[in-house]
Amino acid sequence: MAQIADVIIIGGGIHGASLAFHLTKRGVKPVILEKNFLASAATGRSSGLVRMHYDLELESRLAWESFQYFRNWDEMVGGDCGFTRTGFLQFVSPGYEAQLKANVAMHQRIGIPTFLVSADDVHRLAPHFKTDNIQIAAYEPESGYADPPSAAKSLMEIARQRGAKFLQDCTVTGIQVKSGKVTGVATTRGNFSAPIIVNTAGAWAAGVAKMAGVEIPVDTWRHDVIFIKHPLGMGPSHPTVIDNPCSMYFRPETGGLTLVGLEDNNPIGEDPDGYTDRAQSGFVERAIERICQRIPVMEKASLHSDHGGYDGISPDQRPILGQYGPQGFYLQCGFSGTGFKIAPAVGACMAELILDGAAKTVDISPFTPKRFEEGKLIKGEHSYEDIWH
Ligand SMILES: Cc1cc2nc3c(=O)[nH]c(=O)nc-3n(C[C@H](O)[C@H](O)[C@H](O)COP(=O)(O)OP(=O)(O)OC[C@H]3O[C@@H](n4cnc5c(N)ncnc54)[C@H](O)[C@@H]3O)c2cc1C
């Protein structure tokens, strides 16, 4: 006998947890099926950057709505998401200053606290930075980073208190479709039936979609990071930074550490079950060389640790959100390495789409899975080109 649920969510990362949280807020009781354990994949490996600077208005809106959760987590969700305000700087490559100005103006129209700063201002905010390849930057004084596993845990915990069922060590092996509608799933822990199934399977999303007879253009994207220990006597830490001229991002971490990730050479198409406990060969050296270009004093830093992770990436590096294929089958995937900071608002929007037929928190219709076959790939209004290259 299949167990019956209102909605089946496949994947217990931040997106499965956020959707469960928002569905249960409306009295709907989902079952969330996770093949491993909560936040065991991209969410558990995420760098957790929380900023609103995007070159696409809709993503900035999703990030801004989500920011209301991060900064009022206990009130809006309950518990703690580890949000740490560090300030955020966006550096762009030479030649992209006009786009930066236009994007900051767009963010200010949304209401995001952000403004342009000069290279001298950057130097005042972060005295250790070399600023010779920067004329201007965008600054978000309220932004920072959060702790993704804690965020997923509190969203899932509240969802469970409201009646959601979360099953771990439970792999979905098949999706049943009858007369063009999804009816349930087969798993390693028995069968479940529901008229609505949501694919929040991250780097495994294409394989899960195939179980419903649907091809989706989600590939796997591997991303490695390092933590380095500041040299003795470095003094104050630094803001969180996306540093396009150096093809990198970095942020402070407690304990006198800095986390560094690179925008280039993130392998596409690998097996998402690959080894991620350490970064791939050669990455540590490249990341250290890169951070020393921006913060020369880091030449005296020491390696603390390194790891990798896999997310799903779409052809335009933007999320894939909406109904697709059999009736009742929804996609909430393709987050392309930037999906943590928008997860609260995306969960709210997907719950609205599923229950009301359209999202009202933010219009997510441009993220439709149909855009690829219609040739309507998304590009930022004042584009910096692809984040990952
Ligand atoms: C190293 C790294 C750093 C990142 N840094 C940032 C950042 O700074 N800021 C930011 O916003 N984003 C960042 N991201 C991206 C962000 O972490 C992801 O977009 C986000 O966590 C995706 O969440 P998810 O719930 O969709 O996927 P996941 O967390 O990957 O969850 C999907 C889950 O589905 C499960 N699953 C798969 N197949 C099945 C099946 N058949 N049956 C049952 N369960 C299944 C998996 O076990 C997994 O737990 C980073 C990603 C990585 C890898």
Side-chain angles (χ1 to χ4, degrees), residues 13-19 21-22 39 41-73 76-77 80-90 103 106-107 110-114 138-155 200 202 221 223 225 239-244 249-253 259 261 263 309 311-314 317-321 332-350 359 361-362 364 367 378 380 384 387-388:
I14 190 73
H15 280 279
S18 177
L19 179 61
F21 174 87
H22 287 96
T43 301
R45 291 302 167 92
S46 182
S47 307
L49 266 66
V50 171
R51 44 95 190 178
M52 280 70 76
H53 194 104
Y54 276 92
D55 64 5
L56 180 74
E57 179 168 344
L58 279 182
E59 278 180 304
S60 291
R61 286 191 182 277
L62 286 170
W64 176 233
E65 287 296 331
S66 298
F67 189 66
Q68 313 316 315
Y69 291 68
F70 288 116
R71 66 175 173 186
N72 302 305
W73 196 263
M76 290 188 72
V77 180
D80 187 18
C81 70
F83 178 69
T84 306
R85 181 184 158 197
T86 64
F88 166 79
L89 282 164
Q90 170 79 49
N103 285 323
M106 176 265 282
H107 300 149
I110 294 173
I112 295 167
T114 183
Y139 185 52
E140 293 177 4
E142 304 294 323
S143 297
Y145 65 93
D147 177 38
S150 300
K153 181 172 171 284
S154 42
L155 288 164
T200 60
W221 168 87
H223 186 63
V225 302
T240 295
V241 180
I242 293 185
D243 186 344
N244 291 351
Y249 68 87
F250 54 96
R251 69 158 173 84
E253 175 58 80
L259 178 159
E263 293 172 350
D311 199 3
I313 190 164
S314 76
Q317 303 191 0
R318 315 282 176 177
I320 301 180
L321 306 174
Q332 184 176 338
C333 56
F335 289 104
S336 307
T338 69
F340 170 67
K341 70 185 74 57
I342 57 171
V346 168
C349 290
M350 286 297 294
T361 299
V362 174
I364 55 168
F367 296 114
I378 299 174
Y384 301 137
I387 301 177
W388 312 111

Under the side chain to side chain contact (heavy atoms under 4.5 Å, CB included) rule, what do Ile112 and His53 come out as? Steps first, then yes or no, please.
CA-CA 9 Å; Ile112 295 167; His53 194 104; over 6 Å; no
Between Val362 and Cys349, is the side chain to side chain contact (heavy atoms under 4.5 Å, CB included) condition met? List the steps.
CA-CA 7 Å; Val362 174; Cys349 290; 4.0 Å; yes
Would Phe367 and Leu62 count as a side chain to side chain contact (heavy atoms under 4.5 Å, CB included) if you check the C-alpha gap in whole Å, the side-chain angles of each, and the deciding distance to 0.1 Å?
CA-CA 12 Å; Phe367 296 114; Leu62 286 170; 3.8 Å; yes
Give the C-alpha distance, both sets of side-chain angles, the deciding distance and a yes or no for side chain to side chain contact (heavy atoms under 4.5 Å, CB included) between Tyr54 and Asn103.
CA-CA 7 Å; Tyr54 276 92; Asn103 285 323; over 6 Å; no
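In this structure, Tyr69 has its ring center under 6.0 Å from that of His22. A centroid separation of 6.0 Å or more is found between the aromatic rings of Phe340 and Tyr145. Ring centroid separation for the pair Phe67 and Phe83 comes in under the 6.0 Å cut-off.
Between the side chain of Ser18 and the main chain of Ala343, a donor-acceptor pair closer than 3.5 Å is present. A donor-acceptor pair under 3.5 Å is formed between the side chain of Gln68 and the backbone N or O of Trp64. Side-chain atoms of Thr84 come within 3.5 Å of backbone atoms of Gly82 as a donor-acceptor pair (strictly under, hydrogens ignored). Under a 3.5 Å cut-off, the side chain of Thr43 and the backbone N or O of Pro148 do not form any donor-acceptor pair. With hydrogens and angles disregarded, a donor-acceptor distance shorter than 3.5 Å links the side chain of Gln317 to the backbone of Trp388.
Closest heavy-atom contact between Gln332 and His15: NE2-ND1, 3.2 Å. Residues Gly16 and Thr200 share a closest heavy-atom pair of CA-OG1, 3.6 Å. Taking every heavy atom of both residues into account, Ile14 and Ala152 meet most closely at CD1-N, 3.6 Å. Minimum interatomic distance between Cys333 and Leu321 (heavy atoms only, all atoms of both residues): N-CD2, 4.5 Å. Cys81 approaches Ala151 most closely through the heavy-atom pair CB-CB, 4.0 Å. Nearest heavy-atom pair, Ser336 versus Arg318, reported as atom, atom and distance to 0.1 Å: OG-N, 3.7 Å.
Between Arg61 and Glu57, at least one side-chain nitrogen of the basic residue sits less than 4.0 Å from a carboxylate oxygen of the acidic one, meeting the salt-bridge criterion.
If you run side-chain contact (heavy atoms from CB on, under 4.5 Å) between Tyr249 and each of Asp243, Asn244, Leu259, only Leu259 comes through. Here the rule is side-chain contact (heavy atoms from CB on, under 4.5 Å) with Pro319, and of Thr338, Ile378, Ile342 only Ile342 fits it.
With rounding to the nearest 0.5 angstrom, the OG atom of Ser46 is 7.5 Å from the NZ atom of Lys341. A distance of 10.5 Å separates CD in Glu140 from OG1 in Thr240, rounded to the nearest 0.5 Å. In this structure, CZ on Phe335 lies 13.0 Å from CD1 on Ile313, to the nearest 0.5 angstrom.
Looking at residues two or more places apart in sequence or on another chain, you find no salt bridge (Lys or Arg N to Asp or Glu O under 4.0 Å) involving Asp311. Applying the side chain to side chain donor-acceptor pair (under 3.5 Å) criterion to Glu253, with sequence neighbours excluded, gives Arg251. Partners of Phe21 according to the ring pair (Phe, Tyr, Trp, His ring centres under 6.0 Å) rule, which considers only residues two or more places apart in sequence or in another chain, do not exist here.
Arg51 is listed as a side-chain neighbour of Ile242, based on a closest heavy-atom distance under 4.5 Å. Side-chain contact between Leu58 and Ile364: absent, with no pair of heavy atoms (C-beta onward) separated by less than 4.5 Å. Within the 4.5 Å cutoff, the side chain of Met52 has heavy atoms near those of the Ser143 side chain.
Annotation: cation-pi pair Arg85/Phe88 absent, no NZ/CZ under 6.0 Å from the ring centroid and within 45° of its normal.
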